[in-house]
Amino acid sequence: MTTPSMIDLFAGCGGMTIGFAAEGFKPILAVEWDKAAAATYAANFGEGHVIPGDIAQVSDEEIPEADIIIGGPPCQGFSNLGLKNLDDPRNQLWREYMRFVAKAHPKVFVIENVDRFSKSPEFQMLLAEADHGALREYELRFGVLNAADYGVAQRRKRTIIIGSRIGAIELPAATHDRQQEGNRQPWKTLRDVIGGLPAHPASTELPDSRGEFFGELMPGVFTGLDLHIRRTPTLKSLDRYSFVPPGGGRFDLPAQLLPNCWANKPTGTTDVMGRLRWDSPSVTIRTEFFKPEKGQYLHPQWERGEWVDEFGKHRGNPAKSVDRVITHYEASLIQDFPHDYRWVGTKIQIARQIGNAVPSGLARAIARQIRPYFDEASLISEPLERQLALIG
Ligand SMILES: C[S@@+](CC[C@H](N)C(=O)[O-])C[C@H]1O[C@@H](n2cnc3c(N)ncnc32)[C@H](O)[C@@H]1O
């Protein structure tokens, strides 16, 4: 078995690297300009190969040859204007990406991006580069994958592009689905990943500790239940949460509890102040999952109580309901981070790292699909006698 070397660009806290490292890829360079995210990455994979800065400031001399590059530039927008060529100043991050591909000359690259990416001018530019530009050696395969279809307890759709110069590599087939068709397994649920955690976390704060990364002291390192922190909602907020059943949201609130902004907006934004469901995967975890007004992030535990308001709305039974948002720890598990992942940063920084990550189960499925091509490619480069010996 070979150990292909890997560069992770826009590495964040390392979600994608977890999946690729688990399949035997060896990280030799990671670039990430958010210092706290880079420090989390370093706390788990080592600091020596991390550049905690702007990709544009990495010199050509610092780019090693590598077997694979993973990670894609964040998308700038979805307007129909401009961005169609690499010289557009808004395309700087793509130019940087191409520079890394040209210098490291990987056998394969993997780009992940938002699900709408295929509607962006950046995507058109990428196709053009693969057709007759800097990426013309590479065959592309792309599509939108849902993390839930790969054993992650979360519905999260991402565009994945695999570029390869060692033979076209198809996207991995789903291993899980909602209905459990064929030999696929059923979607993982919230109960599978966060059931059994303490319903009422003791602390509202991360422990008071500091660690040094890149010569700077930063909050951390935190792990496991350190991240299981509750918030301190007002009584009015608690009152609101108590009316929201699993799968419900702001439309379940009695009129007198509706904030003005929602009362004046009778349609749309249906998932705000929503409550998750135990027996489904979660909705997409975003960077502000700790704010119930941002999505369906209330804890799934709720049982209908006796009390009904004048419009027939039911409050939950307080003894059998958990009226809080999910904790950082729960969000990290839903994002498929290991229980013992090590985290660096403030509460807000860590939430951003969690919400921005590629769930490791999705990354691992992609890595597992790509990995055999490296073994075959390395075999072909061996002399015939040795190839035969290796095949046995
Ligand atoms: C979607 S997140 C990456 C998530 C990561 N792949 C993971 O799985 O955890 C994109 C990252 O790009 C970083 N980034 C954006 N512009 C950058 C730049 N110019 N140089 C380095 N990093 C940058 C952001 O800080 C962010 O962490």
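Computed from heavy atoms alone, side chains included, the values below leave out hydrogens, waters and symmetry copies. Every value quoted in this text rests on a predicted model; they were computed, and no experiment measured them. Starting from 1, each residue takes its place in the sequence as its number. First listed ligand is number 1; within each ligand, the first listed atom is number 1.
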Would A56 count as a contact residue for ligand 1, given that I'm defining contact as a non-hydrogen atom of the residue lying under 4.0 Å from a ligand atom?
no

Answer yes or no: does an N/O atom from V358 fall short of 3.5 Å to an N/O atom of ligand 1?
yes

Any luck finding a side-chain donor-acceptor pair between S360 and D336 under 3.5 Å?
yes

Are F222 and H228 close enough that their ring centres sit under 6.0 Å apart?
no

Given the side-chain rings of F123 and F142, with only the six-membered ring counted for Trp, is the space between their centroids under 6.0 Å?
yes

Please confirm whether A37 approaches ligand 1 to less than 4.0 Å, judged on its heavy atoms.
no

Treating T159 as the side-chain partner and V144 as the backbone partner, does any N or O pair qualify as donor plus acceptor under 3.5 Å?
no

Tell me, please: is A363 in heavy-atom contact with ligand 1, that is, under 4.0 Å?
no

Give the contacting part of L93 toward ligand 1: side chain, backbone, both or neither, where contact means a heavy-atom distance below 4.0 Å.
side chain

Using a strict cut-off of 4.0 Å, indicate which atoms of ligand 1 neighbour a heavy atom of G15.
7 (C), 8 (O), 9 (O)

Return yes or no for this condition: an N or O of M16 is under 3.5 Å from an N or O of ligand 1.
yes

Can you list the ligand 1 atoms lying under 4.0 Å from a non-hydrogen atom of D34?
25 (O)

Check R371 with E23, please: is the shortest side-chain N to carboxylate O separation under 4.0 Å?
no

Atom CD of Q349 and atom NZ of K35: how far apart are they, to the nearest 0.5 Å?
11.5 Å

So is A11 touching ligand 1 or not, going by heavy atoms under 4.0 Å?
yes

How far is atom 6 (N) of ligand 1 from its nearest protein heavy atom, and which residue and atom is that?
F10 O, 3.6 Å

Of all the non-hydrogen atoms in the protein, which one sits nearest to atom 20 (N) of ligand 1, and at what distance?
I55 N, 3.0 Å

Can we say D279 and R191 salt-bridge, meaning some charged N sits less than 4.0 Å from an Asp/Glu carboxylate O?
yes

Show me which atoms of ligand 1 lie under 4.0 Å from any heavy atom of N356.
1 (C), 2 (S), 4 (C)

Return the residue, atom name and 0.1 Å-rounded distance of the protein heavy atom closest to atom 26 (C) of ligand 1.
E32 OE1, 3.5 Å

Identify, by atom number and element, the atoms of ligand 1 in contact range of G53, meaning under 4.0 Å from any of its heavy atoms.
20 (N), 21 (C)

Numbered atoms of ligand 1 (with element) below 4.0 Å of D54, judged on heavy atoms
18 (C), 19 (N), 20 (N)

For atom 14 (N) of ligand 1, grab the closest protein heavy atom and report residue, atom and distance to one decimal in Å.
W33 NE1, 3.4 Å

Using a 4.0 Å cut-off to any heavy atom of C13, which atoms of ligand 1 qualify?
9 (O)

T287 side chain to R352 side chain, donor-acceptor N/O pair below 3.5 angstrom
no

Step through the shown structure and confirm whether more than 12 heavy atoms of other residues, nucleotides or ligands are within 6.0 Å of CZ on R342.
no

Ion pair K157/D149, N-O distance below 4.0 Å
no

Mind checking whether F374 and F25 have parallel, tilted or perpendicular rings, split at 30° and 60°?
perpendicular

